[in-house]
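The block underneath contains the structure these notes are about, expressed in structure tokens.
Letters A, B, ... mirror the listed sequences (proteins, then strands); counts begin at 1.
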Amino acid sequence: MSPSTLSPIAFPDVALPESARQLRTEVRAFLDEERARGTVLGRPDSWLAGWDRDFSHRLAEHGWVAMALPTQYGGAGRGFLERYVVIEELLAAGAPVSAHWVSDRQAGPSILQHGTEEQRRFFLPRIAAGQCFFSIGMSEKSSGSDLASVGTRAERTAGGWRLTGTKMWTGGAHVNDYAIVLARTEEAQDRHAGLSQFIVDLRAPGVRIEPIRLMSGEHRFNAFHLEGVEVPDDMLLGQQGDGWQQVTGELAFERSGPERYLSTFPLLVSLLRELEQRTATAEQLTQIGILTARLHSVRRLSLGVAAALDAGASPDTQAALVKDLGTRLEGTLIDTVRSVLPTPADPHATPGSHAELLAFALLHSPGYTLRGGTNEILRGIITRGLEQNR
Amino acid sequence: MNTHADTRTHTIDTNTPVISADDYDTAAFYSDPGAIAVVTNTTPPNAVALPSPQASTAELLAAAQEAGRRAVPAPFAETALVARPLLRRAGLPVPEGPISYAIAPELTIRYTHPSDSAVGSAGSSGDDDSLLVTGTLRRVPWARTATTVVVLATAPFGPVLFTVTPDQAHLAPGANLAEEPRDDLHLAALEVPAAQVRRIPRELLEEAELRAALARAALIAGAAERCVELTTAHTGTRAQFGRPLSHFQAVKQEQARLIEETALVRAAVQAAATPLDTGGRPARFAVAAAKTQASASVAEIARIAHQLHGAIGITQLNPLHHATTRLWSWRDEDGDEATWAVRLARSVTADTLWPALTTAP
């Protein structure tokens, strides 16, 4: 094929290995058991809101938490595509995965890549066992998409560092064990230099957690105040001053996963269940079909990024593209569900009823296109990727 | 498709000069009756080679996308992805040259030679499969230049595939928005000899619909890619207020959406290659999703491409119209997004939606 403008954002063709098919069957059987137990409730946004340590622990017993970590650190040593299959099954089912979500997706891979041997040996087996949970300490009040502007400081002490500052949107800080905190260790001309990452014990003195309630009233996020928190030297993650590279290296993992288009999927399943009680009109079917086609296509792109990651590539542009498409689809799904079967959203309706799920998905919806980089910023990354490859 | 273009190319005609998709004058082109033969094995980038008959579905789809990207003025996808495989599946010889197809359930078909001991109404059984066909094949792609038209219809004995040549019909020329030939072929009690007729299973009739829809989706993917190329080239060079358009945030935002929507269509088409070969439910799902997505994305792709081209894009001075008029036509041909979306939606329930989405890969 002749060179095309699209080549920088070309997506590899995907063929899931037979082991992944087998894995899917096993996960579905596990989910059936958990449904019978009453823990898998088919709720939207379960990677943010479905917090269940015991569920995470049982999942870990099957080897399905941090499953891409090497076996020497307690992981399952499986590939990204196999991990992909497991998490897409969990999200589509609306399973409560938020307790281990950050440990699995970011903290584990990050410690594996940048951590010291000591850190790997300490944290990774605990993460893989579903017994050690992490939060992310990146964003701040004036540092959202402009992450390089973080103001949290780490000052040298005799045995390590003293961290001072306030992180925002720290999901789960009130219930998790550790946070990976991005802090400025050095004033530099280049804002991207002089940043470092630290593993901070959320029970350490000087840590103060203050709830930031969502508009639904839920407590998921926090302001995470570091009031002179002492962090020993061996809790510096990676090289001092390399924080920016480390953080941006994680973004392809963070941006392209199935969570970027499946947060509202359980609502579509709920809609189909509602429609099975009546005869659907052609217009209703058309809208559902168009949505289904889009889900199918976005999933394919998302799998393409997983395949690229599996092959050791850094598909940052593709990941940004998937996240913009996927998170917009999550919003579109809600609009379509409303239009196909007009139902007043009701947060006080029976939990799990269509009206309640709709209310829940809707109240969470503004977050879909914000978390992990706003869509407007992502689109800038896409056009820049195109120009750089010209 | 590289390997096939280089090594195992099937040539339709190499004598006719090749006209680059960028250069050809549409009106002059179609007035030349020999011009259809531009689908050749000459050196890219001026032509798109028809892949060898042994090419995989994925390779055929890639080639059809390329044909869509170049606005190849020939029934390329129709020949490679629809007509030839159907003829092979039905056990009929595959003729040289461009071949078109028509899925025409409304034809009136009788036996040419009714059997003496007929049971039922006249013509409901025959002493051979020679058929008398009456009716119209509507908007047949490139009929005027096709060597053969593959027709799928319903005969007294059930689903049937047969071939006609355009000279056996009265041809009423027509065209789509891109001035691609879409001709009506009127058949008046045309006798189709038994040698050109094959009884086919219902699944082949369905496969014909799937092939036609997927071929069209692949063409759409290619033309969408062309929109991206032309648009980024334009915004990268056209300066306003002292800087290129591509430096404006508002332009970047729209351009990214154009790229995304195009990537989505490509992914949907790519995802249908393997299921089409295996057939059954996965093929119905993947192809319905591909044509739904391709057709549904056209509005956004054409809108952004034109918006970012400014006024030049609405003229024939700029090649953009080759792509956008095709996109608008192709989204309706072989089933629009609503038609395929309904089929897609009917195929799933609350319990089967997720398994259907994850059947392939």
Side-chain angles (χ1 to χ4, degrees), chain A residues 1-2 4-6 9-11 13-16 24 28 85 88-89 92-93 265 268-276 280 282-301 303-304 318 320-322 324-325 328 376 378-384 386-387 390, chain B residues 1-2 5 44-45 58 62 65-66 69 225 228-229 232-233 236 246 249 251-257 259-268 270-271 273-274 285-286 288-293 296 337-346 348-351 353-358 360-361:
Chain A
M1 181 117 16
S2 55
S4 100
T5 317
L6 276 176
I9 52 156
F11 287 73
D13 206 4
V14 191
L16 287 177
R24 193 186 294 288
R28 284 183 184 171
V85 165
E88 73 172 350
E89 286 296 326
F265 183 79
L268 178 59
V269 173
S270 169
L271 172 74
L272 291 182
R273 218 173 284 295
E274 291 291 311
L275 288 178
E276 280 160 19
E283 175 55 26
Q284 288 173 322
L285 291 168
T286 302
Q287 291 200 53
I288 291 168
I290 287 176
L291 195 58
T292 303
R294 207 166 175 88
L295 274 166
H296 172 75
S297 312
V298 170
R299 172 174 182 264
R300 184 78 183 195
L301 289 174
L303 268 169
Q318 288 89 337
L321 184 149
V322 169
D324 186 29
L325 275 173
R328 280 196 283 129
E376 289 70 18
L378 295 170
R379 285 180 217 132
I381 293 171
I382 294 163
T383 46
R384 196 164 64 237
L386 198 69
E387 281 158 14
R390 191 94 28 90
Chain B
M1 97 157 249
N2 262 337
Q65 263 187 76
E66 190 61 11
R69 177 170 164 255
E225 192 174 334
V228 173
E229 286 174 352
T232 52
S246 62
Q249 274 303 330
V251 171
K252 282 184 208 268
Q253 296 288 314
E254 287 287 86
Q255 201 156 284
R257 283 173 180 253
I259 291 165
E260 288 173 349
E261 206 64 27
T262 300
L264 209 53
V265 176
R266 279 161 55 106
Q270 214 174 0
T274 307
F285 185 88
K291 185 59 163 81
T292 301
Q293 187 60 59
E337 64 268 39
T339 304
W340 284 103
V342 167
R343 288 177 70 158
L344 192 60
R346 280 197 203 287
V348 293
T349 65
D351 288 332
L353 175 62
W354 182 246
L357 283 167
T358 50

Please classify the contact of L378(A) with chain B as side chain, backbone, both or neither, using a heavy-atom distance under 4.5 Å. neither
Got a donor-acceptor contact below 3.5 angstrom from the E276(A) side chain to the A350(B) backbone? yes
Under a 4.5 Å heavy-atom cut-off, does chain A meet the side chain of S246(B), its backbone, both or neither? both
For chain A, the option from A345(B), A338(B), A356(B) that forms the most heavy-atom pairs under 4.5 Å: A345(B)
Can you tell which part of L271(A) gets under 4.5 Å to a heavy atom of chain B, answering side chain, backbone, both or neither? neither
When only pairs under 4.5 Å are counted, which of I290(A), V85(A), L268(A) shares the most heavy-atom pairs with chain B? I290(A)
In terms of heavy-atom pairs under 4.5 Å, which option from V298(A), V322(A), I288(A), T292(A) contacts chain B the most? T292(A)
Hydrogens and angles aside, do R257(B) and T262(B) bring a side-chain donor and acceptor to less than 3.5 Å of each other? no
Could you check whether any side-chain heavy atom of R346(B) comes within less than 4.5 Å of a side-chain heavy atom of V342(B), counting everything from C-beta outward? yes
Is chain B contacted by the side chain of E88(A), its backbone, both, or neither, given a heavy-atom distance below 4.5 Å? both
Side chain, backbone, both or neither: which part of E376(A) has a heavy atom under 4.5 Å from chain B? both
Is the closest side-chain heavy-atom distance between R379(A) and Q255(B) below 4.5 Å? no
Between E337(B) and K291(B), is there a side-chain N and carboxylate O pair less than 4.0 Å apart? no
Do any N or O atoms from the side chain of R299(A) and from the backbone of L357(B) form a donor-acceptor pair under 3.5 angstrom? yes
Between E89(A) and chain B, with a heavy-atom cut-off of 4.5 Å, which part of the residue counts as in contact: side chain, backbone, both or neither? both
Highest number of heavy-atom pairs under 4.5 Å with chain B: which of L295(A), V269(A), L285(A)? L285(A)
The interface call for T339(B) against chain A, heavy-atom contacts under 4.5 Å, is neither
Among Q249(B), E254(B), E261(B), the residue with the most heavy-atom pairs under 4.5 Å to chain A is E261(B)
Checking the side chain of Q318(A) only, and the main-chain atoms of F11(A) only, is there a donor and an acceptor separated by less than 3.5 Å? no
Where do A320(A) and I381(A) come nearest, in terms of heavy atoms and distance? CB-CG2, 3.9 Å
